[in-house]
Amino acid sequence: MERTAGKELALAPLQDWGEETEDGAVYSVSLRRQRSQRSTPERPGEGQTPIPATDTFLHYRTSKVRALRAARLERLVHELVSGDREQDPGFVPAFLATHRAFVPTARVLGFLLPPPPPPPPPPAGVDSKRTEGQDLNFSKNLRAVVSVLGSWLRNHPQDFRDPPDHQNLGNVRIFLGWAAPGGAEAREAEKLLEDFLKEAKGEQTEEEKRLAWSGPPRTAQTPGSEFAEDCVEEEGPSSEGPELLDFSVDDVAEQLTLMDVELFLRVRSCECLGSMWSQRDRPGAAGISPTVRATVAQFNTVTGCVLGSVLAAPGLAASQRAQRIEKWIRIAQRCRELRNFSSLRAILSALQSNPIYRLKRSWGAVSREPLSVFRKLSQIFSDEDNHLSSRAILSQEETTEEDDCPSGSLPSKLPPGPVPYLGTFLTDLVMLDTALPDTLKGNLINFEKRRKEWEILARIQQLQQRCQRYSLSPRPPILAALRAQRQLSEEQSYRVSRVIEPPAASCPSSPRIRRRISLTKRLRSCPERRTHLLAGVLGIHPHLPPVCLQAHLHPALETESLLLRAVLQPPQGLRAPAPSSP
């Protein structure tokens, strides 16, 4: 067979080779091909003549790459300090980001932290070479442990937050005190303890202020049950200051983006893990995933503001209510321009909810241009192919951000954001947790599952870094109007909607957004698949649809061929209770 010299073979640089077991641990093995320098035969004599291409050779070097896939906890911790970083660079960050899903921090530190230094050198007569070898190994192990702790303290400081004593952090400080006195890691631990104590003092002060305040509860946050009855008679919510829609579109959208950015930057990636987030509704789990819950509360607040501002004045004419709908569409469009997909999704969910969506006369008065914008924005979160559209747009925003930055330019020149809709990541993580087992045969921890979770968590962390580029200033009047906006419950919203337009009214003017077939029909159409129905896995909005997870669960460690397919219903929002009579 004739081969053209000087041309590379079209082979993948990394090829799967199989698996191997060592001391009870399972490794995946791959072969990595790396091209070496071109070599040419040497010619005798001083005069160098051009060498034909046929005399030029390409040399490749093939090396074996191993990645730990399953092992017991002791072996995983041992891999933290003795593993080859070049062979498996993702092991340490994946372990530190996901370990709380299968083991508490205190137990990891129990295996990781070595005992105090050995006693003084032995007297004369003892094999000095053997002692020097032991000291060298001990020092090497200490440096590896210190390095791991440094990464842990910087990237996941909340793992060491255990008030009031912060015992885990105390054990780390003791170790670093003799293993790396005065080093950067020791200073990081001391600073972290100061921050924890300062936070605790601030929380205590805030609690004392809250107990000293004797005012009535805010109507904006906890609407009274009588509001559902009185809202029919009111022309609008009672408020001393301006309403939220009295401000400009840009100002409202920027303040929503500012709040979303601040909350997203506080999200701890480990709280998004499916094994943790799926426990949020269990008894006694009120403290689970507080940073994620904060984003959930903000999402629901924005949705409630849209519902309240559109429905809270039943006496408005259809044209006046249409103006409010149009303004929220323009705010949603501005959020899209600001690359804020969180508030964008919240506004669209409210506009697509039954209490607003059924107002056909109001939608009939909406102008053609805002209506077209509304349809285009709604397509972003289409449920086709596991929300492929929103995923592709988010990836495109990230790629465009990197491509638009010329080589050598400063990071500040890059556009800020985007702020993602966190529910997409929560869905993926919950489905991963449901589809893949935590342990494998032999009671081995399935670390391949943690690697896949880390791929999603790493993307969240990358987006958090990009969101730090936003430069928005708070506007207290707008924030106050947002907090003062009346919130309607599901029952109240639908009751007011029925007063605005009784069920007998019919006008084919609501925006037509293609709806998927019901979940029941979809399940009947695929009986051959092994289907798991996960109800309410998102928690982003109290009226989000259930999730259908379809997965072929392959045997242990066959995760490369695992098929995860999510089938989600569209965000139809609030579901109307069955009316007793029109």
Side-chain angles (χ1 to χ4, degrees), residues 96-97 100 104-106 109 149-174 176-177 184-222 254-272 276-277 280 284-302 342 419 422 460-461 464-465 467-484:
L96 296 181
R100 296 188 65 180
T105 299
L109 291 176
L149 289 177
S151 300
W152 201 347
L153 291 169
R154 288 189 300 271
N155 300 325
H156 307 280
Q158 292 298 322
D159 288 349
F160 301 93
R161 193 178 192 276
D162 185 22
D165 298 331
H166 306 289
Q167 184 175 357
N168 292 332
L169 183 57
N171 294 335
V172 171
R173 291 173 60 242
I174 293 175
L176 294 176
E185 295 81 6
R187 295 194 300 269
E188 187 75 24
E190 296 295 336
K191 182 179 181 301
L192 187 59
L193 180 60
E194 295 178 1
D195 294 341
F196 286 162
L197 296 178
K198 187 182 299 183
E199 289 178 8
K201 187 176 180 180
E203 292 175 358
Q204 183 178 2
T205 303
E206 291 295 329
E207 182 67 15
E208 292 175 354
K209 291 181 179 180
R210 188 186 67 83
L211 295 177
W213 183 66
S214 58
R218 296 180 62 89
T219 306
Q221 300 297 331
T222 57
E254 289 177 1
Q255 293 306 296
L256 293 178
T257 302
L258 174 63
M259 290 185 288
D260 289 335
V261 168
E262 291 178 348
L263 291 173
F264 180 61
L265 291 177
R266 297 174 189 169
V267 168
R268 297 178 58 198
S269 57
C270 65
E271 294 181 5
C272 300
M276 298 184 65
W277 180 238
R280 65 193 181 280
I288 290 181
S289 303
T291 61
V292 179
R293 289 177 184 269
T295 62
V296 172
Q298 171 64 11
F299 186 97
N300 293 341
T301 297
V302 175
S342 182
V419 184
L422 194 60
I460 294 177
Q461 294 181 1
Q464 287 177 322
Q465 294 178 358
C467 284
Q468 294 178 0
R469 304 183 190 129
Y470 277 100
S471 179
L472 300 173
S473 302
R475 296 282 302 276
I478 301 179
L479 300 177
L482 180 66
R483 290 190 295 267

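These values consider heavy atoms only, across backbone and side chains, with no hydrogens, waters or symmetry-generated copies. Heads up: numbering here begins at 1 and tracks the sequence.
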Who passes side-chain hydrogen bond (donor to acceptor under 3.5 Å, both in side chains) against Gln461, sequence neighbours left out? Ser269
Applying side-chain hydrogen bond (donor to acceptor under 3.5 Å, both in side chains) to Thr257 and not counting sequence neighbours gives Asn340
Under the rule for ring-ring contact (aromatic ring centres under 6.0 Å, His included), what residues qualify as partners of Phe264, not counting sequence neighbours? none
Heavy-atom pair with the smallest gap, counting every atom of Glu254 and Leu472: O-CD1, 3.6 Å
Once rounded to the nearest 0.5 Å, what's the spacing between atom CZ of Arg293 and atom CG of Leu263? 14.5 Å
Arg161: which residues meet the side chain to side chain contact (heavy atoms under 4.5 Å, CB included) condition with it, sequence neighbours left out? Gln158, Pro163, His166, Phe196, Glu199, Glu203
With sequence neighbours left out, what residues match Ile174 under side chain to side chain contact (heavy atoms under 4.5 Å, CB included)? none
On a heavy-atom basis, the closest approach of Cys270 and Ala97 is CB-O, 3.6 Å
To check you understand the geometry: which heavy-atom pair defines the closest contact between Leu265 and Gln464, and what is its length? CD2-O, 3.1 Å
Could you report the tightest heavy-atom contact between Pro474 and Pro476, atom names first, then the distance? O-CD, 3.5 Å
If you round to the nearest 0.5 Å, how far is OH of Tyr470 from CD of Glu262? 13.0 Å
One pair to check against side chain to side chain contact (heavy atoms under 4.5 Å, CB included): Phe299 and Leu422. What are the steps and the verdict? CA-CA 10 Å; Phe299 186 97; Leu422 194 60; over 6 Å; no
So do Leu192 and Leu153 actually touch side chain to side chain, heavy atoms under 4.5 Å? yes
Can you find a heavy atom in the side chain of Leu197 that is under 4.5 Å from one in the side chain of Lys201? no
Those residues at least two apart in sequence (or on a different chain) that pass side-chain hydrogen bond (donor to acceptor under 3.5 Å, both in side chains) with Asp195 are Lys191
Gln167 side chain vs Asp162 backbone, donor-acceptor pair below 3.5 Å: no
Distance-minimising heavy-atom pair for Cys272 and Val292: SG-CG2, 3.9 Å
How long is the span from the CZ atom in Arg266 to the OG1 atom in Thr291, to the nearest 0.5 Å? 10.0 Å
Arg173 side chain reached by Leu193 side chain, heavy atoms, under 4.5 Å: yes
Name all residues meeting the ring-ring contact (aromatic ring centres under 6.0 Å, His included) criterion together with His156; count only those two or more places apart in sequence or in a different chain, and write none if there are none. none
Check: Arg280 side chain, Trp277 main-chain N or O, donor-acceptor pair, under 3.5 Å: yes
Could you tell me which residues satisfy salt bridge (charged side-chain N to carboxylate O under 4.0 Å, His left out) with Glu188, sequence neighbours excluded, listed by chain and number? none
Glu185 side chain to Leu149 backbone, donor-acceptor under 3.5 Å: no
Those residues that, when tested against Ser342, pass side-chain hydrogen bond (donor to acceptor under 3.5 Å, both in side chains) (two or more places apart): none
Hey, what do you get for CE (Met259) to CG (Leu479), rounding to the nearest 0.5 Å? 5.5 Å
Just jot down the side chain to side chain contact (heavy atoms under 4.5 Å, CB included) partners of Ala186, sequence neighbours excluded, or say none. Leu176
Summary of side chain to side chain donor-acceptor pair (under 3.5 Å) pairs that have at least one residue in residues 471-481, sequence neighbours excluded: Asp251-Arg475
According to side chain to side chain contact (heavy atoms under 4.5 Å, CB included), who are the partners of Thr105, at least two apart in sequence or on a separate chain? His99, Arg100, Leu109, Trp152, Asp159, Asn168
